[in-house]
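Bear in mind that the values here come from a model prediction, so they are computed numbers and not experimental data. Just follow the structure's listing: the first ligand is 1, and inside any ligand the first atom is 1.
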Amino acid sequence: MADRPLTLMAVHAHPDDEASGTGGVLARYAAEGIRTVLVTCTDGSCGDGPGGVKPGEPGHDPAAVAEMRRRELEASCEVLKVSHLELLEYTDSGMMGWASNDAPGSFWGTPVADGAARLAELMRHYRPDVVVTYDENGFYGHPDHIQAHRITMAAVELSGLAPKVYWTTAPHSGMRRFGEVMREFGADWDEPEGSEGSGVPPLGLPDEEITTWVDTTAFGGRKFDALAAHASQGENIFFLKMGKERFTELMGVETFVRVQDGTGASLPEDDLFAGLR
Ligand SMILES: [Zn+2]
């Protein structure tokens, strides 16, 4: 069909997002012979340091954290058999409202046009058939996730290409099950539906609004191992507490909203490459 391999490009904010958000599709499509390109926008320097030291606490060295997280990201990519890892190396902006949002070089403080131009360059190089990123709220409101969404949508425009474009999401049915498991493992967790009056957009989508359900249960173990490769952030990665089997049960199907398509593949679909092969 084409003179080059079918290509999936996933654009993520931080080291570890590739595993939690799209570890299943990255592993599955690599196994199907599709070229997979991961673009990670920030250096993750607002993550935990060795021994769980938090950003801003004494002993938190952002440069050392970034270096450690780059190595963990490379290990995760090895597990997921990512063909190409591209780092934009913007500085992690931290959570919404942190002073680091406005620090020089922060991803959130970077004009969308700058990030989009660099990403469009990568798109012209790899010519992805499918591009995956977050929705306009970055799924849960993290500034770097929102910015990754913005530069991706602008880069698709700029690139002059017409890939299928998807936003990661979670079905409300799955969020409910997730909440049950969270409570079972002793975490604080409010039902996302309960947050509607709080000004925070509810997480995920009603099941009927999800266009694309990709079964990646055969790759649940890989996805788990990829997350575990981000060991320095282990304290923040709730999923690791579940163990592989529960994790795969809960996270084995990855869900998306298709927002751009030139194939006319009918919806709902169970394959990001439906209509392309
Ligand atoms: Zn992230």
Query raised in the report: Which atom, counting only N, O or S, brings His14 closest to the Zn ion (ligand 1)?
Result: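 In His14, the N, O or S atom with the shortest distance to the Zn ion (ligand 1) is ND1.
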Query raised in the report: So, His145 versus Tyr140, ring centres under 6.0 angstrom or not?
Result: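 Ring centroids of His145 and Tyr140 are less than 6.0 Å from each other.
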Query raised in the report: Taking the six-membered ring where the residue is Trp, are the ring centres of Tyr29 and Phe219 under 6.0 Å apart?
Result: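 Not close enough - the centres of the two rings lie 6.0 Å or further apart.
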Query raised in the report: Ser173 and Asp207: side-chain donor and acceptor closer than 3.5 Å?
Result: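 Yes.
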Query raised in the report: Does any N, O or S atom of His145, backbone or side chain, fall under 2.8 Å from the Zn ion (ligand 1)?
Result: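 Yes.
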Query raised in the report: For the Zn ion (ligand 1), does an N/O/S atom of Asp17 lie at less than 2.8 Å?
Result: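 Coordinating: yes.
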Report task. Taking atom CZ of Arg127 as the centre, report whether more than 12 heavy atoms of other residues, nucleotides or ligands fall under 6.0 Å from it. Result ->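 No, CZ of Arg127 has 12 or fewer neighbouring heavy atoms, counting only those of other groups under 6.0 Å.
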